[in-house]
Structure formats: C-alpha cells, structure tokens
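Report on the structure given below.
From a predicted model like this one, the values you see are computed outputs, not experimental measurements.
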Amino acid sequence: MLRSFVVAVVRFIGKLFISMGISILLFLVYQLFGTNLVTERRQDNLKEAFAAQPSTPPPTAEEAPADLGSAVARIQIPKVELDWLVVEGVTLDALQDGPGHYPGTALPGQLGNVVISGHRTTFGAPFYRLDEVQVGDPITVTAPYGRFVYRVTETKIVEPTDLTVVVESDDARLTLTTCHPRFSARQRLIVVAALEGPPIQEAAAA
C-alpha cells in the first residue's frame, strides 16, 4: 500500500515537472521568436503612419516630442543592417514596438543628447548587433523635418545604474543604449555618435 502511494506521488511529481518544463520551453520560444512577429507587425503599421506624415518645420528646443508610442524617427546603421522606426518612450510597452526615444532628451538634429534605447533580444532585437558598430561608422536618423547623419565617436560598457549616458550635453550627439551581454541585463552597451554639420537650431539661425 505504502509502495503504491509512493509510486503514485513520484509519478505525479514527474508529470508536474514535465508540464512545467514544457511551459517554460514554450515561454522561451515565444520570447525569442513569437515576440519578433508581434514587433514586426507593429513596425509595419508604424512605417505606414510615418510615411504618411507631412514634412514639418524643425522643432524648437522647447517643443515636446510626439505622443508616447508614436513614431518619431527612422534610424539606419548600414554597418549592422539596422533599419527601424523609433517610437517615443522607453517603457516596456513602447520598446515592444521598436527602439524608443528617451523622453526629455533632445530630438534628432537638435543640440543636446538624443538618447535611443532598444532591445538586444526579443521583440525584434533591433540592437542585436550593436556591439559590431565601431568608431567612424555612420548612423542616419530621419525625422519628418530632416535627415541627420551622426558619426560614431565612442563605444563602451557601463553599469545599469550609470545615468550619465542620458544626461543633457552641450554638443549635438546621439546615444544608443542596450543590454549587455546578449540575453542578460547585467550591464549596458553604449554607442555615442556626433552630429555631422550644425544642429538645426544653429542652421535655422544662420
């Protein structure tokens, strides 16, 4: 009797572990592949909306960006075959749509620090190959009011608590941030690039 009970318990525990293992496996498959399909559909919708936007005059430094979740720019890095629409915001929901512009930082082409964050795994992994970017590589950011080319000046690894990478600057720069290493949030990979040519404030005043 006792032996039968023990066997039944062992079988139940074994089935439970198998079910848990299958559930975990399915979750991992969804995270690595299913989320990519979700983001791909959202990017398609963003591309249509972004392409339909009329050309606008350059924003002033005081003007607020677009609504959270809406497309604010297109970022392209030929070196790593990166071509994505950037949305406003860096919340978990916003980053499911693509790379996100850090609210409160400069807009593309403006004087200051334009900060864009993105996933390195899951949800399309837009910054998956960001570690391959090197000093001197061009990064193009296109907004409804203009096209801007930045040139990479620095790449570095920082701790997640290092917020100096998102603070305002007195030059025109672009800062890209993502998790490091891949499949981990232990550190942050940072790519800094300088705007080629004058920022839009200076160009408008010339």
Side-chain angles (χ1 to χ4, degrees), residues 46 50 53 55-66 70-90 94-95 98-120 124-182 187-206:
L46 287 170
F50 188 75
Q53 289 186 35
S55 298
T56 60
T60 65
E62 293 77 22
E63 287 180 330
S70 60
V72 295
R74 177 184 182 184
I75 183 170
Q76 297 169 289
I77 309 179
K79 174 68 173 291
V80 293
E81 300 178 334
L82 186 153
D83 188 348
W84 284 76
L85 269 295
V86 178
V87 300
E88 180 62 24
V90 291
L95 293 180
H101 170 255
Y102 202 102
T105 67
L107 293 173
Q110 284 185 340
L111 182 67
N113 188 14
V114 185
V115 183
I116 297 175
S117 299
H119 283 297
R120 204 168 175 199
F127 287 171
Y128 183 81
R129 296 176 57 192
L130 196 62
D131 61 311
E132 298 176 33
V133 174
Q134 298 178 337
V135 172
D137 289 339
I139 300 175
T140 301
V141 183
T142 305
Y145 50 85
R147 178 176 177 272
F148 309 96
V149 177
Y150 292 82
R151 191 73 59 173
V152 176
T153 59
E154 179 185 14
T155 64
K156 58 185 177 181
I157 306 298
V158 302
E159 296 302 314
T161 53
D162 187 352
L163 300 181
T164 60
V165 297
V166 301
V167 299
E168 190 56 276
S169 63
D170 56 6
D171 58 357
R173 69 172 65 177
L174 170 69
T175 301
L176 306 181
T177 77
T178 192
C179 293
H180 180 81
R182 294 189 185 110
Q187 295 175 306
R188 296 290 183 269
L189 170 63
I190 308 298
V191 173
V192 182
L195 177 66
E196 292 190 339
I200 52 181
Q201 294 98 320
E202 295 180 8

Value for CG (Leu82) from CG (Leu130), rounded to nearest 0.5 Å, stands at 7.5 Å

side-chain contact (heavy atoms from CB on, under 4.5 Å) for Leu176 and Ile139? Distances and angles first, verdict last. CA-CA 10 Å; Leu176 306 181; Ile139 300 175; 3.9 Å; yes

Can you check whether Ala172's main-chain N or O pairs, donor with acceptor, with Tyr150's side chain at less than 3.5 Å? no

Atom pair OH/CG of Tyr102 and Asn113 - distance to nearest 0.5 Å: 11.0 Å

First locate atom CG of Leu189, then atom CG of Asp131, and finally report the distance between them rounded to the nearest 0.5 Å. 6.5 Å

Gly112 and Ser169 have their tightest heavy-atom pair at C-OG, 3.4 Å

To the nearest 0.5 Å, how far apart are CG in Leu85 and OG1 in Thr142? 10.0 Å

Between Arg147 and Thr140, is there a side-chain heavy-atom distance shorter than 4.5 Å? yes

Could you check Glu159 against Gln187 for side-chain contact (heavy atoms from CB on, under 4.5 Å), going step by step and ending with a plain yes or no? CA-CA 5 Å; Glu159 296 302 314; Gln187 295 175 306; 3.3 Å; yes

Identify the heavy atoms of Glu196 and Arg151 that sit nearest to each other, and give their distance. OE2-NE, 2.9 Å

State, with a plain yes or no, whether a side-chain heavy atom of Pro199 is found less than 4.5 Å away from one of Gln110. no

Mind listing the closest non-hydrogen atom pair of Val167 and Leu163 along with its distance? CG1-O, 3.4 Å

Could you check whether any side-chain heavy atom of Phe127 comes within less than 4.5 Å of a side-chain heavy atom of Cys179, counting everything from C-beta outward? no

I need the Ile157 CD1 to Ile190 CD1 distance, nearest 0.5 Å. 8.0 Å

Given the rule in the side-chain contact (heavy atoms from CB on, under 4.5 Å) test, do Val115 and Val165 qualify, once you have shown the distances and angles that lead to the verdict? CA-CA 8 Å; Val115 183; Val165 297; over 6 Å; no

Is there a donor-acceptor pair closer than 3.5 Å between any side-chain N or O of Thr178 and the backbone N or O of Gly118? yes

Within the side chain of Arg182, is there an N or O that forms a donor-acceptor pair under 3.5 Å with the backbone of Tyr128? yes

Between Gly100 and Leu95, what is the shortest heavy-atom contact and its length? N-CD2, 3.5 Å

Determine, step by step, whether Val192 and Arg173 satisfy the side-chain contact (heavy atoms from CB on, under 4.5 Å) criterion, reporting the C-alpha distance in whole Å, the side-chain angles of both residues, the deciding distance to 0.1 Å, and the verdict. CA-CA 7 Å; Val192 182; Arg173 69 172 65 177; 4.2 Å; yes

For the student: nearest non-hydrogen atoms of Ala71 and Phe50, plus distance: CB-CD1, 3.9 Å

For Val90 versus Ala94, what's the shortest heavy-atom pair and its separation? N-CB, 4.3 Å

When you measure from the side chain of His101 to the backbone N and O of Ala106, does any donor-acceptor pair fall under 3.5 Å? yes

Enter the distance from Arg74:CZ to Leu46:CG here, rounded to the nearest 0.5 Å. 12.5 Å

Is any side-chain heavy atom of Val72 closer than 4.5 Å to a side-chain heavy atom of Leu107? no

